[in-house]
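Comments concern the structure below.
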Amino acid sequence: MYSNTKAITKYFRSAVAAQANLGIDFKTDFFSIINPEEVIQGRINPEACRSIFAEAERTTLDEENSPKKKHHVNVIICAKTIKTTYESNEKVQNEINELTGIYYIPAILNNEGQLLFDDSEKKLPWFPREYLMPMVEPKLAIGNANTVDRFMSNHVDQVEKIQSWSDYVVFFKALYEVVAESPFEQNTIRNMEEEELSFELESNMYLFLDKTVYSTIHIMNLYNHLLGDDQNKPLYENFISTQIANTHPIIENGLLQMQAHCGQMNGEYPLSPSQREAVNHINAMEYGEILAVNGPPGTGKTTLLQTVVADMYVKRALKKEKAPLIVAASTNNQAVTNIIESFGNIRKMGISNLEERWIEGVSSFAVYFPAIKKVKEAQSKGYQYTNQKGEFFISDVEDEENIEKSKTKLITCCNAYFGSNYKSITECQDRLHEELSFIEKSKNTLLSLAQKAEQCGLKGEAIDQYLEKLSLVIEGKQAEVSKIRQRVLEWENCYGNIPFYIRWFRFINSFAKRIQTEFRLFINDEEQGFLNEYMTFDEIKEKYSQLYAQCNKEISELKQKKSLIETIKNKYDDELKQLRLHNIYLHGEKNEKYKLDLDYINGLLDKIHRYIAFWLSVHYFECRWVSGEDKLSERQKGTNYENVLQKFYHRLSMITPCLVMTFYTLPRQFLAYSEQKNFFLYNYIDLLIVDEAGQVSPEIAAGAFSLAKKSVVVGDIHQIEPVWGVSRALDKALSVSSGAIQTLDEFELLERTGLNSSCSSVMKVAAKCCKYEKFDERGLLLREHRRCYDEIIDYCNELVYKGNLVPLRGKGKEDINRAIKHWPQMGFKQIDTEYSTRKGSSRINRLEAEQIAKWLKNHFKLIVNAYPNEARENLVGVITPFKAQVECIKSELKKQMPGDYSKISVGTVHTFQGAERKIIILSTVYGKQDGCFFIDANKSLMNVAVSRAKDHFFVFGDINGLKDTKSSASGLLKKYVGGNEI
């Protein structure tokens with residue numbers, strides 16, 4: 001089997017390149033028809049020009065809610081399109097779609113109809129990769145990918161010299177003719193797979209508004225550099241290895257693991273058992289290791305990510321090291337902004353003024369590195385955002401006036417917290433570190449004491465109560481010793497009262513019987529179990545001496561145990577006393593002061609010690625920041641020299657320990673310059689967190705692993721899959737041509753390890769790399785579900801999670817505080833429909849849309865009143881499998897609920913990924929004669945749809961359209977909602 005780093009890198013690069021220039025969809029994208037001569041001359045007819053500008057302004061209005069007069073727009077010219085030919089009213093090339101574009105030319109169009117070369121972006125013409133050799137299952141082969149690459153490589157200088165439209169025409173004609181081996185003006189093109197077969201081309205050209213974004217350009221740059229760089233990159237090599245990691249035993253939650261956990265960003269609740277298990281394994285990670293954590297909905301994934309960041313942050317503060325560089329990334333922008341929002345909304349526990357920033361201008365523990373097109377959105381949502389140049393948030397907080405204000409505020413806040421009178425930042429910094437060290441020592445002491453108490457056999461009982469019981473047991477044993485002494489005296493009297501001659505001649509049978517008679521009469525009920533009349537007096541005395549010795553031994557052991565526990569209690573009391581001197585109260589108002597159960601104490605430490613340690617670390621690093629550590633000079637700002645970038649990120653990490661970005665922008669942030677060349681900061685990021693990894697295709701993220709030392713990959717393979725940019729057939733061709741595999745038969749290995757660019761995800765690759773296994777699946781599992789009522793999440797548990805989730809919210813029908821008591825948690829509204837209606841490639845059911853709008857109109861006030869403290873936007877979501885039905889429902893809501901329709905979210909399952917609502921309505925669309933293919937095609941869709949609902953999930957549609965087989969998603973849904981008509 002041939003597979004190595006370079007080959008897999010080349011393969012992933014090819015897969016990304018294949019997605020950079022995808023074809024235009026004539027079915028959905030607006031276009032104008034133009035004459036080829038217009039393109040050659042560089043001037044478009046006025047009607048086509050007006051249409052494109054109207055579309056551009058309409059798009060701007062949709063996206064930004066404010067019309068803008070444009071003078072230039074980016075356009076794409078589809079210069080070559082396969083003509084659809086018919087014979088006897090049937091298509092000749094049946095496997096090729098109508099209007100299949102094969103050659104695209106990007107340009108700029110001004111409002112006078114003039115075409116211009118895009119000199120700033122230097123977007124160049126392209127052929128869709130799926131029509132270039134090599135390929136598997138070829139339908140249309142117009143050229144060779146290597147020919148395109150060679151041409152581009154050999155004409156870099158020509159591209160730089162393009163100054164006019166006529167220069168550009170020469171270039172795009174030459175590219176076409178070299179690749180297609182056909183004159184540009186010719187209206188036929190041969191199929192390179194079957195040279196005798198040629199295709200007729202449309203005589204027209206088509207003008208589209210350019211909505212494509214070269215989003216993969218930074219990923220491509222990283223892959224290009226990786227191909228020429230030979231330094232070791234353990235994490236990247238682990239990711240792209242075709243070897244499946246050997247399994248290791250799960251790490252148990254022992255004292256060492258508890259002591260290794262130092263920081264917590266959330267002080268409201270202790271970690272759940274599975275969250276704690278994940279943290280323990282993260283703390284045990286080695287250089288180059290990837291840990292996969294499966295995070296089903298509602299299982300506290302956000303809390304886990306916050307804990308990982310806080311824990312690393314505190315550890316570095318304790319050691320007085322640089323703040324950790326932690327990057328959280330995904331391809332899904334929603335996932336990225338969810339992290340931003342969660343790190344900016346830490347609920348305060350009321351610990352003096354500790355839980356606020358002691359510097360000016362910083363409001364979150366995460367900073368966002370958005371793509372240029374997302375800057376306005378970041379600004380409108382109030383995110384802390386910046387870029388590698390240090391603009392926006394960084395330039396604001398690094399302003400000298402802001403730093404001076406921050407120094408004053410920090411000293412004031414520090415003195416308020418400690419009741420001190422410090423004059424300098426250095427004094428504050430030292431005091432904060434001293435307090436942090438005290439908290440860490442106290443945490444470890446309390447855990448050690450709890451373990452010692454556990455080893456004493458307390459079994460969760462309060463230590464003071466246990467000591468009381470122990471004292472009673474000792475008293476009882478001492479009374480037993482006195483009783484033994486007394487009874488031995490009584491036996492001596494009994495034996496002494498027997499006539500001397502009988503005792504003397506006890507070996508004579510009749511005398512022996514006389515003694516036995518006396519003994520039989522003297523033995524009491526308690527002695528029946530260990531004495532009998534046949535025993536001699538010496539044997540009886542020996543038996544009692546054994547009991548006496550045993551009791552004394554037990555008393556001695558109990559006293560030792562009591563002394564040990566008293567020592568533990570005294571040390572514990574001393575520790576509580578020390579904590580009170582620091583205004584820290586371990587137990588609050590609860591009467592559980594002496595509960596020294598190890599797990600219980602560890603949970604308390606999450607909410608108190610580890611939480612306080614995090615905030616102390618925040619202020620400790622704030623001191624270092626305002627003191628000017630790693631501060632850039634004016635000449636250094638905005639540059640990407642290696643030493644500058646290292647200072648830049650170390651300084652930023654002190655005040656915002658989590659850097660958030662998509663995989664499309666990530667490589668650009670770690671591109672440095674030194675010795676007259678650009679290069680990437682490999683093995684630089686301390687921890688790469690991949691969020692929603694089940695939605696990230698491997699080739700998009702793989703390169704980023706070369707920039708990090710370790711990675712925690714969090715996602716759910718049972719939620720919505722990535723949008724794959726290459727088909728399986730093209731994927732096979734790319735893997736063979738790049739040398740990742742030698743023959744097509746070996747493609748199965750890539751699929752098994754998740755290293756294919758079609759039908760895989762980073763979550764699948766991480767599972768291959770992860771050396772731990774839980775419930776027969778690679779990776780750890782977050783199990784405790786708290787979002788949905790049990791009746792709702794039970795559906796998901798049975799559908800995909802094999803019963804491994806632990807529902808903790810409880811049953812809705814048993815919750816006396818539930819908002820709307822007369823509604824079931826899972827229910828349906830029957831809407832009789834024979835068939836749905838096709839609309840293009842989608843479907844609608846107008847009756848269903850009308851009924852949903854009518855029901856919401858009648859019940860929305862009830863819903864709003866039931867949740868008085870909840871924003872209306874968080875109450876109801878309507879999910880449907882079809883985009884056309886989304887628009888249909890929105891239209892009906894607008895018609896029937898003009899005042900409230902905007903407060904109700906309507907979308908496909910994909911638009912609800914990561915969201916939650918109190919009530920979710922599913923519009924099935926299908927009539928009872930349609931079947932329900934879309935619902936049953938992928939269980940992940942229904943898993944996501946149902947798990948969005950916190951309190952109620954209602955199916956609106958014809959229930960008879962759902963299957964009866966409970967093994968299918970629709971059949972299981974029918975089982976759960978059946979009998980609960982609303």
Side-chain angles (χ1 to χ4, degrees), residues 1-16 18-19 136 219 223 226-227 232-248 285-286 288-294 331 663 688 690 692-706 708 710-719 721-722 724-781 940:
M1 176 68 207
Y2 170 77
S3 180
N4 60 32
T5 301
K6 285 279 194 284
I8 297 287
T9 302
K10 189 177 178 184
Y11 160 56
F12 278 159
R13 181 198 176 282
S14 299
V16 173
Q19 301 169 51
V136 177
I219 298 173
Y223 278 128
L226 277 167
L227 286 168
N232 288 333
K233 307 168 191 74
L235 189 70
Y236 178 63
E237 285 151 17
N238 184 7
F239 187 89
I240 66 174
S241 170
T242 54
Q243 300 297 312
I244 296 175
N246 295 325
T247 55
H248 287 55
M285 286 174 70
E286 298 172 347
E289 189 173 337
I290 297 170
L291 183 71
V293 181
N294 294 295
T331 49
F663 282 109
L688 174 64
V690 184
E692 298 289 3
Q695 295 180 58
V696 185
S697 197
E699 76 283 1
I700 298 298
F705 282 74
S706 68
K710 303 174 185 177
S711 180
V712 175
V713 177
V714 184
D716 185 357
I717 55 172
H718 299 301
Q719 293 199 52
E721 300 158 330
W724 292 294
V726 295
S727 65
R728 193 167 184 266
L730 176 56
D731 197 15
K732 286 183 175 182
L734 296 175
S735 58
V736 173
S737 63
S738 62
I741 58 175
Q742 292 292 284
T743 66
L744 289 175
D745 293 338
E746 295 171 352
F747 189 71
E748 186 269 336
L749 173 67
L750 292 181
E751 291 188 307
R752 191 168 72 246
T753 55
L755 289 170
N756 57 313
S757 298
S758 57
C759 311
S760 186
S761 69
V762 168
M763 198 68 215
K764 190 172 179 181
V765 180
K768 173 266 302 182
C769 300
C770 186
K771 60 187 184 184
Y772 303 105
E773 193 172 272
K774 197 82 175 176
F775 305 115
D776 299 321
E777 286 189 8
R778 283 294 180 119
L780 304 178
L781 175 69
S940 297

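Values below: all heavy atoms of this structure, side chains included; hydrogens, waters and symmetry mates excluded.
Scanning for side-chain hydrogen bond (donor to acceptor under 3.5 Å, both in side chains) contacts around Thr9 gives Tyr236, with sequence neighbours left out. In this structure Phe12 satisfies the ring pair (Phe, Tyr, Trp, His ring centres under 6.0 Å) test with no other residue, sequence neighbours excluded. Applying the side-chain hydrogen bond (donor to acceptor under 3.5 Å, both in side chains) rule to Ser760 yields no partners; only residues at least two apart in sequence or on another chain are considered. Remark: Tyr223 engages no residue in a side-chain hydrogen bond (donor to acceptor under 3.5 Å, both in side chains) (not counting sequence neighbours). Considering only residues two or more places apart in sequence or on other chains, Ser737 meets the side-chain hydrogen bond (donor to acceptor under 3.5 Å, both in side chains) condition with none of them. Taking Tyr772 as the reference, His281 meet the ring pair (Phe, Tyr, Trp, His ring centres under 6.0 Å) condition, with sequence neighbours excluded. Looking at residues two or more places apart in sequence or on another chain, you find a side-chain contact (heavy atoms from CB on, under 4.5 Å) between Glu692 and Lys301, Ser330, Ala335, Gln695, Gln913. A search for ring pair (Phe, Tyr, Trp, His ring centres under 6.0 Å) contacts involving Phe239 returns Phe705, not counting sequence neighbours. Residues forming a salt bridge (charged side-chain N to carboxylate O under 4.0 Å, His left out) with Lys768 (at least two apart in sequence, or on another chain): none. Residues forming a salt bridge (charged side-chain N to carboxylate O under 4.0 Å, His left out) with Glu773 (at least two apart in sequence, or on another chain): Arg778.
In plain terms, the two heavy atoms of Val696 and Ala701 that are nearest each other are CG1-CB, 3.7 Å. Across all non-hydrogen atoms, the minimal contact from Thr743 to Val736 is C-CG2, 4.3 Å. The shortest non-hydrogen separation linking Ala7 to Gly739 is CB-O, 3.4 Å. Nearest approach of Ala766 to Ile290, heavy atoms of both residues: CB-CG2, 3.9 Å. Taking all atoms of both residues into account, the shortest heavy-atom contact from Ser735 to Ser738 is O-OG, 3.3 Å. The two atoms that bring Gly694 and Pro722 nearest to each other are O-CD, 3.1 Å, heavy atoms only.
Two residues are said to be in side-chain contact when any heavy atoms from C-beta on lie closer than 4.5 Å; Leu226 and Ser706 meet this criterion. Contact annotation: the side chain of Glu286 approaches that of Lys771 to within less than 4.5 Å [non-hydrogen atoms, C-beta and beyond]. With contacts defined as side-chain heavy-atom distances shorter than 4.5 Å, the pair Val690/Ser711 qualifies. For the pair Met285/Val712, a side-chain contact is recorded, criterion being any heavy-atom separation below 4.5 Å from C-beta on. At least one side-chain heavy atom of Ile8 sits under 4.5 Å from a side-chain heavy atom of Leu750.
The backbone N or O of Leu780 lies less than 3.5 Å from a partner atom in the side chain of Asn294, making a donor-acceptor pair. Not a single donor-acceptor pair under 3.5 Å links the side chain of Asn232 to the backbone N or O of Pro234. Between the Asn238 side chain and the Glu289 main chain, no donor and acceptor come within less than 3.5 Å of each other.
The list of salt bridge (charged side-chain N to carboxylate O under 4.0 Å, His left out) pairs with a residue in residues 5-14, not counting sequence neighbours, reads Lys6-Asp230. Judged as a salt bridge (charged side-chain N to carboxylate O under 4.0 Å, His left out), the pairs with a partner in residues 232-244 (not counting sequence neighbours) are, in order, Asp229-Lys233.
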Would Lys710 and Leu291 count as a side-chain contact (heavy atoms from CB on, under 4.5 Å) here? Give the steps.
CA-CA 8 Å; Lys710 303 174 185 177; Leu291 183 71; over 6 Å; no

Test Glu721 against Lys764 for salt bridge (Lys or Arg N to Asp or Glu O under 4.0 Å), laying out the working first.
CA-CA 11 Å; Glu721 300 158 330; Lys764 190 172 179 181; over 6 Å; no

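For the residue pair Ser697 / Glu699, a side-chain donor-acceptor distance below 3.5 Å is found, with atom types taken as modelled.
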